[in-house]
Amino acid sequence: MANGLDRLSYQSRWFSVAPERKFGCWLVMMVLAFSLPPLGQGILLVLLAAFTCWLLRVSFWRWLRWMAIPMGFLLVGVVTILFNITREPQHLLVGVHLGNVWLGVMPQGLAAANTTLWRSLAALSATFWLVLNLPFPQLIMLLKRARAPHLLTEQILLTWRFIFILLEEAAAIHRAQTLRFGYRTLPQGYRSLAMLVGLLFTRVLLRYKAMATTLDVKLYQGDFHL
């Protein structure tokens, strides 16, 4: 059930620390991430990266690879903040003339992009720290102690379970297609990808039906005993 990221939370040096303390640390980190100036947010980012690597016994490059996934989406958002379209080029630091308008960077846009980038990176690294150091059973325990609605806790549990089912099935189908040279050329790759998506949903539905049958056999009455 567990994938690589999930297993890491079990090898954390803080594995036995109470989930309430971890959540409290995360809150402090988030307050700092949203209240510090960009320089402080950058320092917080470095400290959180070092702290996460030490707790999980992983290299800095591995942490960077994790951060690279959401960082791509973040950079796209920052670029849209950075560039402005205007008819008054005197307000631009740098710009390009495009027909009747100018596309460039204004001082306000540069400041907003700089603030958004460092604040988002600091908050993202804090959230990564919590996710990578909080095993799923501790998350359920935390939700129960916080008296979260039972339905919400069940939904989180099922979503967490089906994320790994989806990943396992996708990896198995992709491995089988690769062994049959399904991704040797670009057209074959597109065709194999389309087949993967179709098979994936079919197999996930079958797994869901198997789980529903198992729950019926165990006299499931609509509530998980968490």
Side-chain angles (χ1 to χ4, degrees), residues 3-6 8-9 12-14 17 19-134 139 142-143 146 148 152 156 159-160 163 167 186 190 193:
N3 68 354
L5 289 179
D6 188 47
L8 280 173
S9 60
S12 169
R13 296 177 194 269
W14 275 24
V17 174
E20 293 86 350
R21 290 180 60 188
K22 295 177 185 176
F23 187 72
C25 288
W26 174 76
L27 285 179
V28 173
M29 293 172 188
M30 291 299 287
V31 169
L32 291 175
F34 279 88
S35 58
L36 290 174
L39 178 61
Q41 291 163 345
I43 294 173
L44 178 65
L45 174 65
V46 173
L47 292 177
L48 283 175
F51 192 33
T52 304
C53 293
W54 178 77
L55 285 178
L56 299 177
R57 303 178 177 89
V58 298
S59 67
F60 177 68
W61 297 114
R62 191 174 180 185
W63 180 85
L64 271 185
R65 286 202 299 272
W66 297 333
M67 289 287 289
I69 299 171
M71 201 180 292
F73 296 98
L74 173 61
L75 289 179
V76 171
V78 169
V79 167
T80 60
I81 297 174
L82 182 62
F83 288 97
N84 295 275
I85 297 176
T86 180
R87 295 180 184 275
E88 300 174 348
Q90 66 274 17
H91 298 308
L92 296 175
L93 295 175
V94 291
V96 179
H97 193 201
L98 299 173
N100 296 328
V101 296
W102 284 76
L103 173 66
V105 179
M106 288 184 173
Q108 300 89 339
L110 181 62
N114 183 46
T115 304
T116 303
L117 176 65
W118 291 108
R119 180 180 297 163
S120 302
L121 285 176
L124 186 62
S125 61
T127 305
F128 254 65
W129 176 88
L130 179 68
V131 171
L132 293 171
N133 286 281
L134 189 68
L139 174 62
L142 187 64
L143 290 171
L152 174 64
I156 293 173
T159 303
W160 184 261
I163 284 174
L167 291 176
L186 189 61
Y190 284 133
L193 185 61

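Within 6.0 Å of the CD1 atom in I85, the count of heavy atoms belonging to other residues, nucleotides or ligands does not exceed 12. For W118, the CH2 atom is loosely surrounded, since the number of other residues' heavy atoms within 6.0 Å does not exceed 12. Other residues, nucleotides and ligands contribute more than 12 heavy atoms inside 6.0 Å of the CG atom of L152. Heavy-atom neighbours of F51 CZ from other residues, nucleotides or ligands within 6.0 Å: above the threshold of 12.
Distance check: N114 CG to L39 CG gives 10.0 Å after rounding to the nearest 0.5 Å. Rounded to the nearest 0.5 angstrom, L27 CG and L32 CG are separated by 11.0 Å. Annotation: the span from L142 atom CG to R21 atom CZ amounts to 14.0 Å, rounded to 0.5 Å.
Residues L8 and R62 meet the side-chain proximity criterion, which asks for heavy atoms closer than 4.5 Å. The shortest side-chain heavy-atom distance between N84 and V105 does not fall under the 4.5 Å cut-off. Residues L132 and W66 have side chains in contact (heavy-atom distance under 4.5 Å, counting atoms from C-beta outward). Side-chain contact between L56 and V58 is present, with at least one heavy-atom pair separated by less than 4.5 Å. With contacts defined as side-chain heavy-atom distances shorter than 4.5 Å, the pair P19/L139 does not qualify.
Looking at every heavy atom in both residues, A49 comes nearest to F60 through CB-CE1, 4.0 Å. Considering every non-hydrogen atom in both A122 and Q41, the closest pair reads CB-O, 3.9 Å. The heavy-atom pair separating M29 from A126 by the smallest distance is CB-CB, 3.7 Å. Closest approach of I81 to A113, counting heavy atoms only: CG2-N, 3.9 Å.
Residues that satisfy the side chain to side chain contact (heavy atoms under 4.5 Å, CB included) test with L117, not counting sequence neighbours, are L74, L75, V78, L121. Residues forming a side chain to side chain contact (heavy atoms under 4.5 Å, CB included) with V96 (at least two apart in sequence, or on another chain): L98.
Side-chain atoms of K22 never come within 3.5 Å of backbone atoms of L134 as a donor-acceptor pair (strictly under, hydrogens ignored). Side chain of S12 to backbone of S9: no donor-acceptor contact under 3.5 angstrom is found.
Taking the six-membered ring where the residue is Trp, W14 and W129 present perpendicular rings, their angle passing 60° and hence far from 30°.
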